[in-house]
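Below: the structure, in structure tokens.
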Amino acid sequence: MAIGARDFIDKLLVEKYSQEKVDNHDADSLVSKVSADDMLDAMDNYSNNYRTMLALNNRLTMVCYGVVAKSAKYVTTEAV
């Protein structure tokens, strides 16, 4: 497996940014700004809300099917 530019645009980008220096390796950049517990709580709340929404959507679909079925007029036809 080769590392490097594969086409003309990649070669130009490598050439352009090859001399750039980055200085973001301080200790603060490795520390998360959000608590893991807060993130997990937010994910849990979102998943519970989504699960509730799916259940309500399913129930509403069943109610709509029932309303349509009750309001339908069935007409018997005689076989020819």
Side-chain angles (χ1 to χ4, degrees):
M1 172 169 29
I3 297 175
R6 294 189 180 157
D7 60 4
F8 182 70
I9 294 174
D10 287 341
K11 288 179 186 177
L12 290 176
L13 288 171
V14 167
E15 187 176 310
K16 179 177 180 179
Y17 292 109
S18 64
Q19 301 303 319
E20 293 292 321
K21 303 251 188 232
V22 203
D23 190 22
N24 61 355
H25 300 291
D26 56 351
D28 289 338
S29 66
L30 301 176
V31 177
S32 177
K33 306 294 188 232
V34 179
S35 166
D37 291 332
D38 290 343
M39 180 60 70
L40 289 175
D41 285 340
M43 291 169 61
D44 185 50
N45 291 337
Y46 179 80
S47 64
N48 286 335
N49 288 339
Y50 189 71
R51 186 181 304 144
T52 302
M53 189 267 311
L54 288 176
L56 288 173
N57 189 15
N58 188 26
R59 180 69 181 138
L60 181 62
T61 301
M62 292 301 160
V63 167
C64 289
Y65 284 154
V67 168
V68 169
K70 284 188 177 195
S71 66
K73 306 259 188 225
Y74 297 101
V75 180
T76 58
T77 59
E78 295 182 27
V80 178

Tell me whether Leu56 is reachable from Tyr65 by hopping between hydrophobic residues (I, L, V, M, F, W, Y) whose side-chain heavy atoms are closer than 4.5 Å. no
Identify each donor-acceptor pair in which a side-chain atom of residues 33-43 lies under 3.5 Å from a protein atom, sequence neighbours left out, and give them as a table.
from	atom 1	to	atom 2	distance (Å)
Lys33	NZ	Asp28	O	3.2
Ser35	OG	Asp37	N	3.3

Which of these, Thr52, Leu54, Asn48, sits in a side chain to side chain contact (heavy atoms under 4.5 Å, CB included) with Tyr50? Leu54
Any idea which heavy atoms bring Asn57 and Thr61 closest together, and the distance? O-OG1, 2.8 Å
Among residues at least two apart in sequence or on other chains, which ones pass side-chain contact (heavy atoms from CB on, under 4.5 Å) with Ser71?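 Partners of Ser71 under the side-chain contact (heavy atoms from CB on, under 4.5 Å) test: none.
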For residues Ser47 and Asp44, determine if any side-chain heavy atom of one lies less than 4.5 Å from a side-chain heavy atom of the other. yes
